[in-house]
Novice: 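One structure follows; several queries about it will come next.
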Amino acid sequence: RTAVAHWLSRNRGIRADPDDVMIVNGTAQALRLLVDVLRADGVREVAVEEPGSLGVRQHLRPLGTPPVPVDGHGVRVDALRATGAHAVLLTPAHQFPTGVVLGGERRRELMEWTRDGGLVIEDDYDAEHRYDRPAVPALRALLPEHVCYAGSVSKLLAPALRLGWLLAPPAYRDALLDAKRLTDLGTAALPQLVLARLMESGDLERHLRLIRRHHRRRRDAMIAAIRTHLPGAVVHGAAAGLHLTITFRETSRKGAYEAPDTALAAAALAEGVKVHPLSWHTQLPHTPGLVLGYAASGTAEIAEGVGVLGRLVG
Ligand SMILES: Cc1ncc(COP(=O)(O)O)c(C=O)c1O
C-alpha cells in the first residue's frame, strides 16, 4: 500500500496515505465491491459514459447504468444531471473507447455536481500510456472527498496478475473493507510484494518508458495501415492508450461500412483478427465502428490484421 501510495503521488498527482489504499484483484473487483457498498447505501444507478466499456457495465450490474453522452470534451455534465443518478463512472484521462480527455471546463462542472452530492467512480485504466500529449491529472487529485479511484496493473504489466487498488472517500472505507474481507479475506501477498519491489526500485517506471516506445511504433503502424486499407475510416483517441477506435464515414468511398459492426467483427474473427465492434460499448444508436487494440501485436501483424479488415469492408 505504501508503494502504491508513492506511485500514485509520483505519477498521478494523488496525495494518499497508505492507509487510504485498498489492494484489490483488479478494477473489476473494485467495481464489484463498490456495487455492494453503494447498493447497501440505497444507490440504484451508476451513470456511465456513452459510448463506454461493456466490461465495466457488466461489472456494475445489478445497478442501472443510464448512458451519458461523451463529446469532444468528455462526458456531458448537463446530461449527467438530467439522468438524476447520484453516481457516475468515468475514464477521465483517456475515455474508453473514444480516447477523449475530460476537459477543464467539464472538470469544473463535475466539481459542482459533486458539491451537490454526486459521487464519481474514476477508472484510471490506461493513464500511463501517452505519446503526443502531457499527463492528465487524476480527478481524485482534485476531489479526494468525492471520488472513488480505481487503478490496476492490467495495462501497466499484465491483466492476468489481477492486482489493483481502490481509494475511496472516508465515508465508504469501512464498508469496502468489510466487503473485501467477506469476498476473499484479502488479495494474495506475494504478487503485492513483487509489485512493491518493482514500484520502489524504479523498474516499473523504466519498463513503462521502454514499452511506451514499442506501443508508439505499434500505434503508428496501425494508423498507417488504416490510411492504406480503410481510407474511409475516422480514427479516434490516438494520442494515448493502447487501442484506437475507428468509425466509418457514411460515404460510398472505400472504407465506408454501413452493415452492423458486429457482423464485421465476427467476419474478422473468422479470419483470426480479434476486434471489438463499437456496438458492444454503446447503449444508444451510433455509427458503426471498431475498437482495435495494438498493445499485444507486432507491427507486421497489425498491418496484416488491418489489411484483413480492409478486404472485408471492401
Ligand atoms: C475500461 C475498463 N476498465 C477496467 C476494466 C477492468 O480492468 P481490470 O483488469 O483492472 O480488472 C475493464 C474491463 O472490463 C475495462 O474495459
Side-chain angles (χ1 to χ4, degrees), residues 4 7-8 11-12 21-36 46-63 65 67-68 70 74-75 87-102 120-130 136 138-140 147-168 176 179-180 183-184 187-188 191-192 194-195 198-199 204 208 236-237 240-245 265 274-283 289-296:
V4 170
W7 172 268
L8 292 177
N11 291 283
R12 306 299 297 123
V21 178
M22 193 169 147
I23 300 297
V24 291
N25 306 345
T27 302
Q29 185 177 49
L31 297 181
R32 289 308 304 183
L33 299 176
L34 279 166
V35 165
D36 288 351
V46 174
V48 294
E49 295 160 324
E50 169 69 22
S53 161
L54 168 66
V56 162
R57 230 183 315 130
Q58 289 171 333
H59 297 311
L60 289 175
R61 269 182 213 147
L63 295 175
T65 54
V68 185
V70 168
V75 76
V88 65
L89 186 136
L90 299 177
T91 49
H94 184 242
Q95 201 272 331
F96 185 91
T98 65
V100 166
V101 176
L102 188 67
V120 175
I121 302 170
E122 179 172 25
D123 174 2
D124 208 22
Y125 77 106
D126 68 0
E128 318 289 348
H129 302 287
R130 58 181 185 278
V136 179
L139 271 182
R140 168 84 193 186
V147 174
C148 293
Y149 174 91
S152 79
V153 303
S154 293
K155 304 284 194 231
L156 292 177
L157 287 169
L161 287 171
R162 309 310 309 141
L163 198 51
W165 39 88
L166 173 62
L167 281 69
L176 284 166
K180 173 68 177 161
T183 302
D184 57 14
T187 292
Q192 294 190 51
V194 173
L195 178 65
L198 288 173
M199 283 176 158
L204 186 55
L208 274 178
H236 307 265
L242 300 175
H243 72 269
L244 298 176
T245 293
K274 201 168 174 186
V275 297
H276 285 194
L278 185 55
S279 324
W280 282 2
H281 304 296
T282 58
Q283 300 187 76
L290 296 174
V291 181
L292 312 174
Y294 52 78

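Every number for a ligand or one of its atoms is a count from 1 in the order of the listing. Keep in mind the model is a prediction, meaning the values are calculated, not measured.
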Novice: Atoms of ligand 1 less than 4.0 Å from Ser53 heavy atoms?
Specialist: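 Listed by number with element: 1 (C), 15 (C), 16 (O).
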Novice: Taking only heavy atoms of Ser154 into account, list the atoms of ligand 1 that are under 4.0 Å away from them.
Specialist: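 Going through ligand 1 atom by atom, the ones under 4.0 Å from Ser154 are 8 (P), 9 (O), 10 (O).
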Novice: Could you say whether the N/O atoms of Gln29 and ligand 1 ever approach to under 3.5 Å?
Specialist: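 The answer is no, given that Gln29 and ligand 1 share no N or O pair closer than 3.5 Å.
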Novice: Taking atom types as modelled, is there a side-chain donor on Asp123 or Thr91 under 3.5 Å from an acceptor on the other?
Specialist: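 Side chains of Asp123 and Thr91: no pair found under 3.5 Å.
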Novice: Any nitrogen or oxygen of Asn25 lying under 3.5 Å from a nitrogen or oxygen in ligand 1? Just yes or no.
Specialist: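 Looking only at distances, the answer is no, because the N/O contact criterion of under 3.5 Å is not met.
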Novice: Are Tyr294 and His243, when compared by the centres of their aromatic rings, separated by less than 6.0 Å?
Specialist: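 Centroid separation for Tyr294 and His243: 6.0 Å or greater.
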Novice: Taking all non-hydrogen atoms of both residues into account, name the closest pair between Pro51 and Val70 and its distance.
Specialist: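 Between these two residues, the closest heavy atoms are O-CG2, 4.2 Å.
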Novice: For Leu163, is there any backbone N or O sitting under 3.5 Å from a side-chain donor or acceptor partner on Gln29?
Specialist: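 Not a single qualifying donor-acceptor pair exists.
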Novice: Measure the distances from the heavy atoms of Arg162 to every atom of ligand 1 and state whether one is below 4.0 angstrom.
Specialist: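 True for this residue.
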Novice: Please list, in number order, the atoms of ligand 1 under 4.0 Å from a heavy atom of Gly55.
Specialist: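 So the answer, numbered in order with elements, is 14 (O).
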Novice: Please report the closest heavy-atom contact between Asp124 and Ala138, naming both atoms and the distance.
Specialist: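 So the minimum-distance heavy-atom pair works out to OD2-CB, 4.5 Å.
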Novice: Got the closest protein heavy atom to atom 3 (N) of ligand 1, with its distance?
Specialist: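 Scanning the protein heavy atoms, the shortest distance from atom 3 (N) of ligand 1 goes to Asp123 OD2, 2.5 Å.
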Novice: Please say whether Ala28 places an N or O atom under 3.5 Å from an N or O atom belonging to ligand 1.
Specialist: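 N/O-N/O distance below 3.5 Å exists for this pair.
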Novice: Judging by distance only, is a nitrogen or oxygen of Ser152 under 3.5 angstrom from one on ligand 1?
Specialist: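 Yes; the residue has a nitrogen or oxygen that sits under 3.5 Å from a nitrogen or oxygen of the ligand.
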Novice: Suppose I only count heavy atoms of Val56 and a 4.0 Å limit; which atoms of ligand 1 are within that range?
Specialist: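 Atoms satisfying the 4.0 Å criterion: 1 (C), 2 (C), 3 (N), 15 (C).
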Novice: Tyr125 versus ligand 1: do any nitrogen or oxygen atoms come within less than 3.5 Å of each other?
Specialist: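 By distance alone, the answer is no.
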Novice: If you count the atoms of ligand 1 from 1 in the order shown, which ones are under 4.0 Å from a heavy atom of His59?
Specialist: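 Those qualifying, in numeric order: 14 (O).
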Novice: For atom 7 (O) of ligand 1, find the nearest protein heavy atom and state the residue, atom name and distance (0.1 Å precision).
Specialist: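 Answer for atom 7 (O) of ligand 1: Thr27 CB, 3.7 Å.
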Novice: Write down the atom of Phe96, the atom of Glu49, and the distance for their closest heavy-atom approach.
Specialist: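 Heavy atoms of Phe96 and Glu49 come nearest at O-OE1, 4.3 Å.
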Novice: Which atoms of ligand 1 sit under 4.0 Å from any heavy atom of Gly26?
Specialist: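 Those of ligand 1 that fall under 4.0 Å from Gly26 are 10 (O), 11 (O).
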Novice: Roughly how far apart are Asn25 CG and Thr183 OG1, rounded to 0.5 Å?
Specialist: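 One finds 9.0 Å between CG of Asn25 and OG1 of Thr183.
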Novice: Please determine whether side-chain contact (heavy atoms from CB on, under 4.5 Å) holds for the pair Leu33 and Leu176, giving the CA-CA distance in whole Å, both sets of side-chain angles, and the decisive distance to 0.1 Å.
Specialist: CA-CA 6 Å; Leu33 299 176; Leu176 284 166; 3.9 Å; yes
Novice: Determine yes or no for a side-chain-to-main-chain donor-acceptor pair under 3.5 angstrom, with Arg32 supplying the side chain and His59 the backbone.
Specialist: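 Looks like yes, one N/O pair under 3.5 Å.
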